[in-house]
Amino acid sequence: MSISHAPPNPPSTDISGISGPGHPDGDAFPGLQPVVPVSARRARVPRWLRRTTGPLLLLALWQLLSATGVLAPDVLASPGRIAQVGWDLVSDGSLPSAMATSLRRVALGLLFGTVTGTGLALFAGLFRIGEDLVDAPVQMLRTVPFVGLIPLFIIWFGIGEAPKTAIITLGVTFPLYLNVYAGIRGVDTQLIEAGESLGLSRWGLVRHVVLPGALPGALTGLRYSLGIAWLALVFAEQVNADAGIGFLMVQARDFLRTDVIVVCLIVYAFLGLLADFIVRSLERLLLQWRPTFTGR
């Protein structure tokens, strides 16, 4: 009598779902370890907390130095004193009024500078004759420190609002011109050829190819221009100003009020950050078609 022996069933090699020791089937594979991405092994600290840690530590150190007498009040007031003075300036209405005056000056200078810089960049970037006529004079003028032109502006425009607006306008014009011009000339020629093969007219190429391609550079130039606008405002409001944040700083300097000066500097910084946030929001809205690296 022959006895047939069926071959034993081979052990299953299906390891799907096995995550290592502790798993019901994990004892069969004691050497297996779960694969965890590097990003998952990092501590999950909220980003807002990481971004605020540095300023909070700096503020705490500042308060500590002021409380121990290392920083004298006439050298630099303590954060608590600055907060109290800022509240007093807001309560009596002097700080809101100064902010409104300074914002109006920046808005006018930014408007005139944006129109001037963008117009010159479009003329020089889209037309060769425009480049020949405009680019060289602009490149020469932009190397002249705009602050050094304040005496000329006072002679030309007097000591009213005109020289202040002119200083801000000049500071805004050149960064915007450079970035818009570079954005126009940086458009890929293959995109131009593709547009021409699709039958786009010259205006169609400018509208659908050149201007969208130059938009990232234009927004970058706008961010630079906003930063320079607030810097120019600081100098502009030193020219016989009778209102504005710079006027408060001049008064505080005469009376050695470092607390008021720091409050004004904080307001400058806050307004600059607010303007930059607005431009960055515009970038996210207008440049949704452009994928970019956002860091890891």
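Computed from a predicted structure; not experimentally measured. Throughout, numbering of the chain's residues begins at 1 and tracks the sequence.
- Residues meeting the side-chain contact (heavy atoms from CB on, under 4.5 Å) test with Ala98, sequence neighbours left out: Ile245, Leu248.
- Hydrophobic clustering (ILVMFWY, side-chain heavy atoms < 4.5 Å, transitive): Ile167 and Ile154 are in one cluster.
- Under the side chain to side chain donor-acceptor pair (under 3.5 Å) criterion, Ser94 pairs with Asp92, sequence neighbours left out.
- Listed by first and then second residue, the salt bridge (Lys or Arg N to Asp or Glu O under 4.0 Å) pairs that reach into residues 123-138 are Glu131-Arg185, sequence neighbours excluded.
- Residues satisfying the ring-ring contact (aromatic ring centres under 6.0 Å, His included) test with Phe174, not counting sequence neighbours, are none.
- Evaluation of the side chain to side chain donor-acceptor pair (under 3.5 Å) rule for Thr143 yields no partner, not counting sequence neighbours.
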Please output the side-chain donor-acceptor pairs of residues 57-68 that fall under 3.5 Å, not counting sequence neighbours, one pair per line with the distance.
from	atom 1	to	atom 2	distance (Å)
Trp62	NE1	Ala77	O	3.2
Ser66	OG	Trp62	O	3.1
Thr68	OG1	Leu64	O	2.9
Thr68	OG1	Leu65	O	3.2

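- By the side-chain contact (heavy atoms from CB on, under 4.5 Å) test, Leu120 pairs with Thr116, Val134, Val138, Tyr177, sequence neighbours left out.
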*From CA spacing to verdict: side chain to side chain contact (heavy atoms under 4.5 Å, CB included), Gln139, Leu178*: CA-CA 9 Å; Gln139 296 296 340; Leu178 291 175; 3.5 Å; yes
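- Nearest heavy atom pair, residue Ala229 against residue Val106, reads CB-CG1, 4.3 Å.
- For the pair Leu89 and Pro96, the tightest heavy-atom approach, listed with the atom from each and the gap, is O-CD, 3.9 Å.
- One distance of note links OH of Tyr181 with CG of Leu126; it measures 10.5 Å at 0.5 Å rounding.
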List the atom pairs, with distances to 0.1 Å, where a side-chain N or O of residues 265-275 and a protein N or O form a donor-acceptor pair under 3.5 Å, not counting sequence neighbours.
from	atom 1	to	atom 2	distance (Å)
Tyr268	OH	Glu237	OE1	2.9
Tyr268	OH	Gly246	N	3.3

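- Here the closest non-hydrogen pair linking Gly244 and Ser102 is CA-OG, 3.7 Å.
- The side-chain contact (heavy atoms from CB on, under 4.5 Å) check on Val279 picks up Leu222, Arg223, Leu226, with sequence neighbours excluded.
- Atoms CG and OG1, from Leu110 and Thr173 in turn, are 9.5 Å apart once rounded to the nearest 0.5 Å.
- Under the 4.5 Å side-chain heavy-atom criterion for ILVMFWY residues, no single connected hydrophobic cluster contains both Phe247 and Phe235.
- Not counting sequence neighbours, the partners of Phe255 by the side-chain contact (heavy atoms from CB on, under 4.5 Å) test are Arg257.
- For the pair Gly113 and Thr169, the tightest heavy-atom approach, listed with the atom from each and the gap, is N-CG2, 3.6 Å.
- Residues in residues 111-139 take part in no ring pair (Phe, Tyr, Trp, His ring centres under 6.0 Å) pair, two or more places apart or across chains.
- Neither Ile278 nor Ile168 shares a network with the other; the hydrophobic side chains, linked directly or stepwise wherever heavy atoms of I, L, V, M, F, W or Y lie under 4.5 Å apart, form separate groups for each.
- Nearest heavy atom pair, residue Ile184 against residue Ala121, reads CD1-O, 3.8 Å.
- Among residues at least two apart or in separate chains, salt bridge (Lys or Arg N to Asp or Glu O under 4.0 Å) pairs with a member in residues 75-91 are Arg81-Asp259.
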